[in-house]
Peer 1: 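Quick one: the structure is below, questions incoming.
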Amino acid sequence: MELSKAYAHGEIEAKWYRYWDELGAFRPSDGAERSFSMVIPPPNVTGSLHMGHALNNTLQDILCRYKRMDGYSVLWVPGTDHAGIATQNVVERQLAQEGISRAQLGREKFIARVWQWKEEAGNTILNQLKALGVSCDWRHERFTMDEGLSRAVREAFVRLWEDGLLYRAERLVNWCPRCKTALADIEVVHEETDGHLWHIRYPFVDDPSGGLTVATTRPETMLGDTAVAVHPDDERYKNAVGKRVRLPIVGRELPVIGDVYVDPAFGTGALKITPGHDFNDFEIGQKYGLEKICIFDDEAKIRPAAFAIEGREPAWLARYRLKDRFEARKLVVDELKANGLLEKVEPYRLALGRCYRCQTPVEPYLTPQWFVKIQPLAAPAIEVVRDGRVRIVPEGWANSYFAWMENIKDWCISRQIWWGHQIPAWYCADCNAGHAIKTGTGDLILDKDAKPIVARAEPTRCPVCGGEKFIRDPDVLDTWFSSGLWPFSTLGWPERTEDLKRFYPTSVLVTGFDILFFWVARMIMMGLKFMGDVPFRDVYIHALVRDQEGQKMSKSKGNVIDPLEIMGKYGADAFRFTLAAMAAMGRDIKLAEERIDGYQNFVNKLWNAARFVLMNLTIRNIDGKETSERPGHEELNVADRWILSRLAATVGSVREAIDSYRFNEYAHYLYQFTWHEFCDWHIEMSKLALNGGDENERRRTERVLATVLENILLLLHPVMPFVTEEIWRALNDKLGRKEAGLTLMLQKYPRVEAAYRRPEVEEKIGYLMEITRAVRNLRAEMNCAPSKEVKVILFASADNRAFLRSQERYLRALARVGSVDYLSDGERPKGAATAIVGETEVYVPLGDMIDLEEEKIRLDRELGRAEEDLARVKRKLGNGDFVAKAKEAVVRREKEKAAEFEEKIRTLKLSLGRIREIEQTGDKA
RNA sequence: GGUCGCAUAGCUCAGUUGGUUAGAGCGCGCGCCUCACAUGCGCGAGGUCGUAGGUUCAACUCCUACUGCGACCACCA
């Protein structure tokens, strides 16, 4: 099989993916003693692949493929999330385009419609993940609303109820008037917003000319005020406490209460109390037994019923009824202004809470909801992170985790939407006859006093009255409730399955920090509660992918880079490698397309290195019996020993990097080794053996080339699975290896071959490389044509001289050197460019070509640097404290440096002297 | 308001226990179609490591303050 001149990812990727899948390579192996498991952070079922998914899944795939090759039985569970509110919103928007509302359709038909959409769109993202190359076990694919997971959800809910960790109560909750549902605290995003502080006077009942002036950012809520509060020690309001004020517009009488909660320094020092629409006011309302008036309906429009007295609406209400919050605000402000009660308006910055799904400002809203008593769950979840049973990497995130968990409040888990897990609670129709209220959409709402029966299935008989008619709670659960069970629900819980035994706790969870609280924290709590063990050992938290300016990618900004487009253009391997290379811990990734373009070159480089090796291989069957006795290390030439030593070092570094989630280091070690050690040096040096005429050496070098190439493929496979597989198959083909195995994916990951580590060889080749560079440098500086061979004169220690003599062919080939002469003490060439490598002096006599002025400038510059270096070292050594206190090795090293620099200076000065001499005599010979 | 993080070459970033001649990729400059690769090869220029102090024989690295940027959390109307 011939490889084409440039790597074309085109069909290769799909070909291999299908191959692996059909081979069953994604499934956990039997037999392996160690297992490694992960659950995918389930993407929204109707979503499509974005950069965040691409990064997240690339990193997971690297881990899985690495562990699989390293002998673990690997299970990576894929799946999708039903994403309650998000998905419902999408489908509602679709309906809206058809001019249908969800209410018109009705609950059942609406849900059917969502399922239909799920069937249409649900596979998109998973297929896109396949294009990325993820090695998930597709037989394990799950959906948070499939049968098994739904059962897990019901089970979890019932157990929480039975254990007293669930309750239903009327509380002030965050309400999204657009989604018309309650939200958890964490689903509200606070955003600094420009607003106003309105100062409104509430006249005293007994003296309407006086009164208290309150300051508020939300004047429309005054319609629901039930008190005014001041600080009890506030001199200004000493005699106001206990009096009554009349609420403007509404006319209601309000008590003036004194409470230390009020900050006298803020605003006017007088605070309007609206227990129905403000969390703080709610608390105060509780404390003083104030009435909680809910002035809005579920769309945050003025609710006439809130003001009707004995069924009759007061006259003032006419202009307000059914107006939304913001219209109402305007109207209230206008009316107050007209009445001379608006005393002042000042600009004010406030943190406005918005719905995380639709950005609508959230309204504190009084409704009955289901809550999880979170304290008993949070405490052990904090503990396991503290004692390291769950390790958060990078550990900085643990701080955020603790901060959040320690201040956590009860979790509102009921949502007034239709798409999701309907709460497994029923109400006896007879017992709750007075508590079920029909809404406009035909839904029933159970009021706060309704008595739920929580059960795994619909009850048949009411234990109180024996009634047989039940109403199911219409609410569904927070999406994150089911995601919280994901690590064990996907493995079969509540059944005690083999998978659970084998793969729970999972090994590591890879995710972005944006869902640390939404998801990670919940999984830890739920895992501990229901499994009695942590859901994962490690949590690796990766960064966000941003655009090249560091802006968050978003459709509205138009700065989104589409992973699919990128993969189509550059290939999945180049893309994956880019993401890994840029995934430095704890730092966001600023991605520009040029980076991917750059790493595509690396893929191509690897491809061409492979082409070189393949076209030079004449040996066959290097792994078969005949050749399993590899050549003794000592028989190999120095270049081969060197690259094997470097390979061994690289294997060590690579393993360490992946083991500690340093994906960028993993990528960079391999980039460096493949390109700058293997290609730049070893392949070049190997050409001498391949063309040298010594048949034995040639065969040995071929074997080394094949070995190194194969190891590179193995090492790179987790990050670039496709091209490595493609090359590996070609390599097997070329070697005639039938027994090599079916796929690179299931080969053993390289281990460090300690016997190959040869520091002394690395040192020698390092020296040879430096000499080579020095000669190349001199050539370039002197503008010596690359095609022209030069003569080199070396002055080196006996050791180095012997080494260079024995390996002279490399120097000749790599630096285009015609002849090499070795000087003994005393003699130095007259007209030559000079370079110094350690103790070695390198001279390139360039005859007529040498520009004496240029060379003098160059030498002067070198000399200047050397003198600076020497001065710095001398300064250190001259410091008595340094010599006395620093470690001996450090001092010794400094002394060596001093000697080296002195020698260098001496040599440079001599060279300069010789040039001046030539200038005077004109004799260049 | 609280907490945390980040400031290193023109750009994007590495730099794991304090001691290196502070690195890479891209970009830039010069020279090359050298028989794996011009998606390439060789060479080179470019940084007082945000500012000011402190600890230490020694600070890019540790501490403090400041400045700038960012993130998360937060019910002060």
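In what follows, every chain begins at residue 1, and chains take the letters A, B, ... in the order their sequences are listed. Since we're looking at a predicted model, the values are computed, not measured.
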Peer 1: Taking the C1' atom in each of A52(B) and C57(B), what is the distance between them to the nearest angstrom?
Peer 2: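 So the two C1' atoms sit 23 Å from each other.
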
Peer 1: What is the distance, to the nearest angstrom, from the CZ atom on Arg875(A) to the C1' atom on G19(B)?
Peer 2: 15 Å

Peer 1: With respect to the phosphate group of G25(B), does any side-chain polar atom (N or O) of His676(A) fall under 4.0 Å of OP1 or OP2?
Peer 2: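 Yes, His676(A) has a side-chain N/O under 4.0 Å of OP1/OP2 on G25(B).
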
Peer 1: For atom CD of Glu867(A), is the number of surrounding heavy atoms from other residues, nucleotides or ligands below 6.0 Å larger than 12?
Peer 2: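 Counting other residues, nucleotides and ligands, CD of Glu867(A) exceeds 12 neighbours.
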
Peer 1: Using atom names, set out every protein N or O paired with an N or O of nucleotides 40-48 of chain B below 3.5 Å, distance rounded to 0.1 Å.
Peer 2:
| unit_1 | atom_1 | unit_2 | atom_2 | d |
| --- | --- | --- | --- | --- |
| G40(B) | OP1 | Asn601(A) | ND2 | 3.1 |
| G40(B) | O3' | Lys605(A) | NZ | 3.1 |
| C41(B) | OP1 | Lys605(A) | NZ | 2.7 |
| C41(B) | OP1 | Trp675(A) | NE1 | 2.7 |
| G42(B) | O3' | Arg776(A) | NH1 | 3.4 |
| G44(B) | OP1 | Asn777(A) | ND2 | 3.0 |
| A45(B) | OP1 | Arg865(A) | NH2 | 3.3 |

Peer 1: Closest heavy-atom contact between His199(A) and Thr213(A)?
Peer 2: CB-CG2, 3.8 Å

Peer 1: Does any donor-acceptor pair link the side chain of Glu665(A) with the base of A24(B) at a separation under 3.5 Å?
Peer 2: no

Peer 1: For residues Lys876(A) and Phe882(A), report the shortest heavy-atom separation together with the two atoms involved.
Peer 2: O-CD2, 3.3 Å

Peer 1: Looking at Glu763(A), I'd like to know if its CD atom is crowded, meaning that more than 12 non-hydrogen atoms belonging to other residues, nucleotides or ligands lie closer than 6.0 Å.
Peer 2: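 It does not: Glu763(A) CD has 12 such atoms or fewer within range.
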
Peer 1: Between Lys5(A) and A38(B), is there a contact of a side-chain N or O with OP1 or OP2 at under 4.0 Å?
Peer 2: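 Affirmative; the distance criterion is met.
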
Peer 1: Please name the residue in the list Phe575(A), Tyr570(A), Tyr671(A), Trp675(A) that meets the ring pair (Phe, Tyr, Trp, His ring centres under 6.0 Å) test with Tyr599(A).
Peer 2: Tyr671(A)

Peer 1: Take the angle between the ring planes of Trp404(A) and Phe517(A) and call it parallel below 30°, perpendicular above 60°, tilted in between.
Peer 2: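 Plane angle under 30°, so parallel.
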
Peer 1: In whole Å, measure the gap between the P atoms of A74(B) and G27(B) for me.
Peer 2: 44 Å

Peer 1: Between Glu770(A) and Pro264(A), just flag the one whose closest nucleotide in RNA chain B comes earlier from the 5' side.
Peer 2: Glu770(A)

Peer 1: Given the rule in the side-chain contact (heavy atoms from CB on, under 4.5 Å) test, do Tyr401(A) and Ile541(A) qualify, once you have shown the distances and angles that lead to the verdict?
Peer 2: CA-CA 12 Å; Tyr401(A) 176 82; Ile541(A) 296 180; over 6 Å; no

Peer 1: Calculate the interatomic distance between Phe882(A) atom CZ and G19(B) atom P; express it in whole Å.
Peer 2: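 Taking atom P of G19(B) as the reference, CZ of Phe882(A) is at 12 Å.
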
Peer 1: In plain terms, say whether Glu894(A) and Lys897(A) are close enough for a salt bridge, that is, a side-chain N and a carboxylate O under 4.0 Å apart.
Peer 2: yes

Peer 1: Using atom C1' of each nucleotide, how far apart are U16(B) and C35(B) to the nearest Å?
Peer 2: 45 Å

Peer 1: I want to check one thing: is the phosphate of A36(B), taken as OP1 and OP2, less than 4.0 Å away from some side-chain N or O of Lys687(A)?
Peer 2: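 True: Lys687(A) side-chain N/O within range (under 4.0 Å) of A36(B) OP1/OP2.
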
Peer 1: Using whole Å, what does the distance between atom P of nucleotide A59(B) and atom NZ of Lys885(A) come to?
Peer 2: 13 Å

Peer 1: By the 4.0 Å heavy-atom rule, please label Ile683(A) as base, sugar-phosphate, or nothing.
Peer 2: base

Peer 1: So does Pro264(A) get a backbone contact from the side chain of Arg236(A), meaning a donor-acceptor N/O pair under 3.5 Å?
Peer 2: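 Confirmed, Arg236(A) side chain pairs with Pro264(A) backbone.
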
Peer 1: Looking at every strand, decide which applies to Arg893(A) at a 4.0 Å heavy-atom threshold: base, sugar-phosphate, or nothing.
Peer 2: nothing

Peer 1: By the 4.0 Å heavy-atom rule, please label Tyr348(A) as base, sugar-phosphate, or nothing.
Peer 2: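 The answer is sugar-phosphate, as Tyr348(A) gets under 4.0 Å only of primed atoms, P, OP1 or OP2.
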
Peer 1: For the pair His277(A) (side chain) and Pro364(A) (backbone), establish whether a donor and an acceptor sit closer than 3.5 Å, ignoring hydrogens and angles.
Peer 2: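 Looks like yes, one N/O pair under 3.5 Å.
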
Peer 1: Side chain of Ala886(A) only, please: which of A77(B), G19(B), U39(B) is the nearest?
Peer 2: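 That would be G19(B).
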
Peer 1: Looking only at atom C1', what distance separates C76(B) and C4(B), rounded to whole Å?
Peer 2: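 C76(B) and C4(B) have their C1' atoms separated by 23 Å.
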
Peer 1: Given the C1' atoms of C73(B) and A9(B), what is the spacing between them in whole Å?
Peer 2: 37 Å

Peer 1: Got more than 12 heavy atoms from elsewhere within 6.0 Å of NZ, Lys874(A)?
Peer 2: no

Peer 1: Is it the case that the side chains of Ser653(A) and Glu665(A) hold a donor-acceptor pair, with the cut-off being a distance below 3.5 Å and no angle test?
Peer 2: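 Ser653(A) and Glu665(A) do not have a side-chain donor-acceptor pair below 3.5 Å.
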
Peer 1: Taking only the P atom of each, what is the distance from C69(B) to C63(B) in whole angstrom?
Peer 2: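 Going atom to atom, P in each nucleotide, I get 23 Å.
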
Peer 1: What's Thr217(A) touching, base or sugar-phosphate or nothing? Going by heavy atoms closer than 4.0 Å.
Peer 2: sugar-phosphate

Peer 1: Calculate the interatomic distance between Asn664(A) atom CG and C13(B) atom P; express it in whole Å.
Peer 2: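 So the CG-P distance, Asn664(A) to C13(B), works out to 12 Å.
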
Peer 1: What contact category does Glu593(A) fall into here, base, sugar-phosphate, or nothing, at under 4.0 angstrom with non-hydrogen atoms?
Peer 2: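 The residue Glu593(A) makes no contact with any strand.
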
Peer 1: I'd like the P distance from U20(B) over to G31(B), given in whole Å.
Peer 2: 37 Å

Peer 1: What is the separation between atom NZ on Lys887(A) and atom P on A58(B), rounded to the nearest whole Å?
Peer 2: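 One finds 15 Å between P of A58(B) and NZ of Lys887(A), rounded.
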
Peer 1: So what is the 5' to 3' dot-bracket string for RNA chain B, if pairs are Watson-Crick or G-U wobble with both distances under 3.5 Å, crossing pairs use [ ] and | means the partner sits on another strand?
Peer 2: (((((((..((((.....[...)))).(((((.......))))).....(((((..]....))))))))))))....

Peer 1: Met582(A) CE to A14(B) C1': how many Å, rounded?
Peer 2: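 So the CE-C1' distance, Met582(A) to A14(B), works out to 12 Å.
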
Peer 1: In terms of the angle between their ring planes, are Tyr356(A) and Phe518(A) parallel, tilted or perpendicular, with boundaries placed at 30° and 60°?
Peer 2: parallel

Peer 1: With a non-hydrogen cut-off below 4.0 angstrom, is Asn879(A) in contact with a base, only sugar-phosphate, or nothing?
Peer 2: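 Counting heavy atoms under 4.0 Å across all strands, the contact made by Asn879(A) is with sugar-phosphate only.
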
Peer 1: How long is the line joining CD of Gln672(A) and C1' of A14(B), in whole Å?
Peer 2: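 Taking CD of Gln672(A) and C1' of A14(B), I get 12 Å after rounding.
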
Peer 1: So, for Met582(A) and Arg595(A), which heavy atoms are closest and what is the spacing to 0.1 Å?
Peer 2: CE-NH1, 3.5 Å

Peer 1: Please report the distance separating the C1' of G53(B) from the corresponding atom of G10(B), rounded so that it comes out in whole Å.
Peer 2: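 G53(B) and G10(B) have their C1' atoms separated by 31 Å.
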
Peer 1: Between A36(B), U39(B), U34(B), which nucleotide has the shortest distance from any of its atoms to the side chain of Ala6(A)?
Peer 2: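 So the nucleotide nearest the side chain must be U39(B).
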
Peer 1: Each nucleotide N or O in nucleotides 73-75 of chain B that has a protein N or O under 3.5 Å away: list the pair and distance.
Peer 2:
| unit_1 | atom_1 | unit_2 | atom_2 | d |
| --- | --- | --- | --- | --- |
| C75(B) | O2' | Asn280(A) | ND2 | 3.0 |
| C75(B) | N1 | Asn280(A) | OD1 | 3.2 |
| C75(B) | O2 | Asn280(A) | OD1 | 2.1 |
| C75(B) | O2 | Asn280(A) | ND2 | 2.7 |
| C75(B) | N3 | Asn280(A) | OD1 | 3.1 |

Peer 1: If the cut-off is 4.0 Å, is Lys897(A) near the phosphate of U21(B), judged by side-chain N/O to OP1 or OP2?
Peer 2: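 Yes.
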
Peer 1: Is Arg662(A) side chain donor-acceptor paired with the U16(B) base, going by distance under 3.5 Å alone?
Peer 2: yes

Peer 1: Take the protein atom OH of Tyr669(A) and the nucleotide atom C1' of A24(B), then report the distance between them rounded to whole Å.
Peer 2: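 Atom-to-atom, Tyr669(A) to A24(B), this comes out as 13 Å.
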
